[in-house]
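Each remark here refers to the structure printed beneath this line.
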Amino acid sequence: DAMVIQNPRYQVTQFGKPVTLSCSQTLNHNVMYWYQQKSSQAPKLLFHYYDKDFNNEADTPDNFQSRRPNTSFCFLDIRSPGLGDAAMYLCATSRVGNNQPQHFGDGTRLSIL
Amino acid sequence: EDQVTQSPEALRLQEGESSSLNCSYTVSGLRGLFWYRQDPGKGPEFLFTLYSAGEEKEKERLKATLTKKESFLHITAPKPEDSATYLCAVHSGSARQLTFGSGTQLTVLP
């Protein structure tokens, strides 16, 4: 089945220690997204790519960065995680177009010690 | 700025007890309204897209409807496996991306 796969499912890191989360997709969608979701809150968009065109949300913290080396893969790098960065990180993909639904992976739960 | 408000925040139903979840929105030029289901520890699963007032979509025990100000997700004769958080999101002409509501946490008791 075509899908969005996130690895790892659970990630524990230390305060200030860089961490990378990964996402791959077999849907061949042009658009990929990274969201942060905290408990009982709405997903919050961090960035998205239209193909290789990177789009950063205005309020995304500077220590969050992303890479998309090809259509299938996308990475979220957190350079210096703080306690407030503990959350579920969701990757999603969609076709290009305003009304295209986004398809989500199962997320990576990030904990900060 | 687009706004999406979902109510109630939490809903507990007995198995077979039908009910509705509400999603109220304020947007400039609605392009689409999306419903998702999210199970604990998992990503949102796409359910429906609604494009214009009066539109309805159905899937098993779920039916989504849309007016110019709100959408309802009707759950008919729910089962315990329908327990999840249901998220509503809108895409408007003024925003580049989806705006999500905070969700309704539905619990269906056997």
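Residue numbers start from 1 in every chain, and the chains themselves are labelled A, B, ... in the order their sequence lines are given, proteins ahead of strands.
Taking hydrophobic clusters as Ile, Leu, Val, Met, Phe, Trp and Tyr residues chained together by side-chain heavy-atom distances below 4.5 Å, A:F15 shares a cluster with A:F64. A:V96 is connected to B:F34 through a chain of hydrophobic side-chain contacts under 4.5 Å among Ile, Leu, Val, Met, Phe, Trp and Tyr, so both are in one cluster. Under the 4.5 Å side-chain heavy-atom criterion for ILVMFWY residues, no single connected hydrophobic cluster contains both A:F47 and A:L45. Put simply, B:Y25 and B:L47 are part of the same group of oily side chains (I, L, V, M, F, W, Y) that touch within less than 4.5 Å, one to the next.
For B:F48, no part sits under 4.5 Å from any heavy atom of chain A, backbone or side chain. Only the side chain of A:Q37 comes within contact range of chain B, judged by heavy atoms closer than 4.5 Å.
In this structure, CD on B:E9 lies 8.5 Å from OG on A:S40, to the nearest 0.5 angstrom. Expressed to the nearest 0.5 Å, how far CE of A:M88 lies from CD of B:Q38 amounts to 7.0 Å.
The list of side-chain hydrogen bond (donor to acceptor under 3.5 Å, both in side chains) pairs with a residue in residues 81-97 of chain A, not counting sequence neighbours, reads A:H29-A:T93, A:Y33-A:S94, A:Q36-A:Y89. Screening residues 18-81 of chain A for disulfide (SG to SG under 2.5 Å), with sequence neighbours left out, gives A:C23-A:C91.
For the residue pair B:G43 and A:L90, the shortest heavy atom distance occurs at CA-CD2, 3.8 Å. In plain terms, the two heavy atoms of A:A42 and B:G101 that are nearest each other are CB-O, 3.1 Å.
The backbone N or O of A:Q102 sits less than 3.5 Å from a side-chain atom of B:Y36, completing a donor-acceptor pair.
Using a 3.5 Å distance cut-off with no hydrogens or angles, the side chains of B:Q97 and A:E57 do not pair a donor with an acceptor.
Between A:Y35 and B:F100, a ring centre-to-centre spacing shorter than 6.0 Å is recorded.
Residue B:R12 qualifies as open at atom CZ: its count of foreign heavy atoms under 6.0 Å is 12 or below.
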